[in-house]
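Keep in mind it's a predicted model, so treat the numbers as computed, not measured. Keep in mind that the numbers below use all heavy atoms, side chains included, and drop hydrogens, waters and symmetry copies.
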Amino acid sequence: MAVADASGFPVGIHAECASPAEVTLVEETLDCGFTEGEPKRLIADKAYDSDELDAKMQKRGIDLIASNRRNRSKTQDGLKLRRSKRR
């Protein structure tokens, strides 16, 4: 799994076998980062729409922006989701 900044420069990379869900690897990937500090925002797809992950990212001071999954009520406001469409 890789995390990149707005310019496409890799911020963190973490290798794992293919079986775990990516949502469980976010924290480990951010911990393996090779830049100082952490990103202010993390823009992800629908697979990352999770209350547990959102709470973990809030603890770290990161704003998680992920589209709403079909089976969940709205968890993001429209402004944040418009940002993710520009990525």
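When all heavy atoms of Val3 and Leu42 are compared, the closest pair comes out as CG1-CD1, 4.2 Å. Shortest non-hydrogen contact noted between Val23 and Ser50 is CG2-CB, 4.5 Å. Closest approach of Gly12 and Thr29 over heavy atoms only: O-CG2, 3.7 Å. In terms of heavy atoms, Cys32 sits closest to Ile13 at CB-O, 3.5 Å. Ala66 and Asp45 make their closest contact through CB-O, 3.6 Å (heavy atoms, listed as atom of the first residue, atom of the second, distance). Considering all non-hydrogen atoms of both residues, Tyr48 and Leu64 come closest at O-CD2, 3.7 Å.
You'll find the side chain of Asp31 reaches within 4.5 Å of the side chain of Arg60, heavy atoms only. When side chains are defined from C-beta on, Thr35 does not count as touching Asp5, because their heavy atoms never get closer than 4.5 Å. For the pair Met57 and Val26, the minimum side-chain heavy-atom distance is below 4.5 Å.
Note that NZ of Lys56 is 12.0 Å distant from CG of Asp51, once rounded to the nearest 0.5 Å. Summarising the geometry, atom CG belonging to Leu30 is positioned 11.0 Å from atom CG belonging to Leu25; distances are rounded to the nearest 0.5 Å. Separation of atoms CD1 (Ile62) and CD (Glu27) is listed at 9.0 Å; rounding is to 0.5 Å.
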